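Data first, discussion second: the structure below is written as structure tokens.
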Amino acid sequence: MKVLLLKDPKEDDCGQDPYIRELGLYGLEATLIPVLSFEFLSLSSFSEKLSHPEGYGGLIFTSPRAVEAVELCLEKDNKTEVNKIGLDTEGESCGNAEKLAEYICSRESPALPLLFPCGTVKGEILPKMLKDKGIPMESIIVYQKVPHPGIQVNLHSYYSQQGIPASITFFSPSGLTHSLKHIQELSGDNIGRIKFAAIGPSTARALAAQGLPVSCTAESPTPPALAKGLRLALQAPGC
């Protein structure tokens with residue numbers, strides 16, 4: 001059974017995308033098509049902040065791009081002082097903003113502000129929850145999402161060669177925004193046959209706002225959780 005994942009392919013240590021491997025264990029033939037590209041912004045300002053770790057109580061990461069922005073700044077300036085901020089990777093395992101905020105609030109409240117590198121489009125749940133708890137936070141926009149230049153061509157090629165997929169998984173509201181029109185045009189009257197899935201609650205809400213039924217929302221943004229959810233959704237009557 002063919003499923004389409006609208007995300008960048010990323011190889012792990014085994015040389016294969018973990019989503020493709022995990023879905024394959026359930027007999028699902030997954031194809032990855034990227035729908036977003038990223039542009040980094042304000043790296044000079046961000047680098048300046050990173051060069052003064054004594055002014056911050058920690059760093060908050062909610063996206064891989066924010067981590068890449070830090071790496072770019074460190075590579076450019078060859079700085080190591082950022083380690084003094086005390087990067088805490090435990091919080092990265094939290095599946096959504098609410099859980100991340102709860103995790104941060106459970107720690108000792110920092111006297112210095114937490115530095116939050118983020119994109120131009122960010123949720124307000126985390127900042128609001130931290131503000132309500134009296135935890136200072138300073139945001140800095142370090143990247144923006146833009147449509148991938150090959151969306152239309154890649155989707156057309158997929159539909160031409162493999163037909164309409166049994167399921168399509170969206171990995172962000174932005175990815176949905178930039179790809180939905182093309183999917184609707186290519187699917188035509190058969191769009192009702194597709195089981196739409198979301199990697200998390202924010203993306204599920206974006207799907208619902210477009211009037212699309214959400215057949216699966218992954219319990220966590222991980223390959224095993226998505227594979228489990230898709231398996232159940234595709235076992236439903238009519239699939």
Side-chain angles (χ1 to χ4, degrees), residues 1-14 16-36 61-65 90-103 121-123 125-126 145 148 151 154-155 158-159 162-180 182-184 186-187 190-239:
M1 191 175 291
K2 299 181 186 296
V3 297
L4 180 58
L5 309 183
L6 300 182
K7 67 177 290 292
D8 288 330
K10 292 188 180 298
E11 295 183 356
D12 58 13
D13 294 339
C14 299
Q16 186 179 29
D17 185 278
Y19 282 93
I20 289 182
R21 182 175 60 253
E22 195 72 28
L23 290 168
L25 297 176
Y26 294 104
L28 300 176
E29 183 182 342
T31 299
L32 306 179
I33 293 181
V35 294
L36 293 174
F61 291 127
T62 59
S63 72
R65 305 301 170 186
E90 292 181 45
E92 293 178 22
S93 63
C94 298
N96 54 46
E98 292 93 337
K99 289 184 179 180
L100 179 56
E102 291 172 2
Y103 170 80
V121 179
K122 68 179 189 300
I125 294 175
L126 177 61
K145 298 176 182 179
H148 191 281
I151 294 177
N154 291 335
L155 284 173
Y158 176 89
Y159 272 74
Q162 304 197 47
I164 296 174
S167 174
I168 297 178
T169 300
F170 296 90
F171 283 75
S172 71
S174 298
L176 171 66
T177 298
H178 296 308
S179 61
L180 180 57
H182 304 305
I183 289 171
Q184 289 171 326
L186 291 166
S187 301
N190 294 312
I191 196 168
R193 293 167 43 189
I194 301 172
K195 297 286 186 178
F196 291 105
I199 197 61
S202 296
T203 306
R205 288 191 291 268
L207 275 165
Q210 293 289 340
L212 298 174
V214 183
S215 299
C216 162
T217 301
E219 293 184 357
S220 63
T222 62
L226 179 62
K228 179 181 177 182
L230 282 179
R231 181 189 61 175
L232 294 174
L234 293 172
Q235 285 178 344
C239 295

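The residues of the chain are indexed from 1 along the displayed sequence. Values below: all heavy atoms of this structure, side chains included; hydrogens, waters and symmetry mates excluded. The structure displayed is predicted, hence computed values, not measured ones.
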Item to check | For Pro221 against Tyr19, the heavy-atom pair lying closest together | outcome: O-OH, 3.5 Å
Item to check | Contact check, side chains of Leu226 and Leu5, non-hydrogen atoms, under 4.5 Å | outcome: yes
Item to check | Any Leu155 side-chain heavy atom under 4.5 Å of Leu4 side chain | outcome: yes
Next on the checklist: Within the 4.5 Å heavy-atom criterion, are Tyr159 and Ser187 side-chain neighbours or not?
Outcome noted: yes
Next on the checklist: Restricting to non-hydrogen atoms, name the atom on Ala197 and the atom on Leu230 that form the minimum distance, rounded to 0.1 Å.
Outcome noted: CB-CD2, 3.7 Å
Item to check | Qualifying residue, where the test is side chain to side chain contact (heavy atoms under 4.5 Å, CB included) with Leu6 and the options are Leu176, Ile151, Ile183 | outcome: Ile183
Checklist entry - Taking all non-hydrogen atoms of both residues, which atom of Ala206 and which atom of Pro173 are closest, and how far apart? => result CB-CB, 3.9 Å
Checklist entry - How long is the gap from OG1 on Thr31 to CG on Asn154, to the nearest 0.5 Å? => result 11.0 Å
Checklist entry - What pairs with Lys2 under side chain to side chain donor-acceptor pair (under 3.5 Å), at least two apart in sequence or on another chain? => result Glu29, Gln162
Item to check | Inter-residue atom distance Ile199.CD1 - Cys216.SG, 0.5 Å rounding | outcome: 8.0 Å
Next on the checklist: So Pro224 and Lys228, do their side chains get closer than 4.5 Å, heavy atoms only?
Outcome noted: no
Next on the checklist: Is there a side-chain contact (heavy atoms from CB on, under 4.5 Å) between Asp17 and Lys10? Walk through the geometry before answering.
Outcome noted: CA-CA 5 Å; Asp17 185 278; Lys10 292 188 180 298; 4.1 Å; yes
Next on the checklist: In the structure I gave you, are the side-chain heavy atoms of Val35 and His182 within less than 4.5 Å of one another anywhere?
Outcome noted: no
Item to check | Any side-chain heavy-atom pair of Phe196 and Ser215 under 4.5 Å | outcome: no
Checklist entry - In Å and rounded to the nearest 0.5 Å, what is the CZ to CG distance from Phe171 to Asp8? => result 10.5 Å
Checklist entry - For Phe170, which residues count as a ring-ring contact (aromatic ring centres under 6.0 Å, His included) partner, sequence neighbours excluded? => result none
Next on the checklist: Can you tell me how far apart OG (Ser167) and CZ (Arg193) are? Round to the nearest 0.5 Å.
Outcome noted: 13.0 Å
Checklist entry - How close do Ala208 and Val214 get, heavy atom to heavy atom, and via which atoms? => result N-CG2, 4.2 Å
Checklist entry - Is any side-chain heavy atom of Lys145 closer than 4.5 Å to a side-chain heavy atom of Ser172? => result yes
Checklist entry - How far does CD1 of Ile164 sit from CD1 of Ile194, to the nearest 0.5 angstrom? => result 6.0 Å
Next on the checklist: With rounding to the nearest 0.5 angstrom, report the CE to NZ distance, Met1 to Lys195.
Outcome noted: 10.0 Å
Next on the checklist: Using side-chain heavy atoms (C-beta onward) and a distance below 4.5 Å, is Thr169 in contact with Val3?
Outcome noted: no
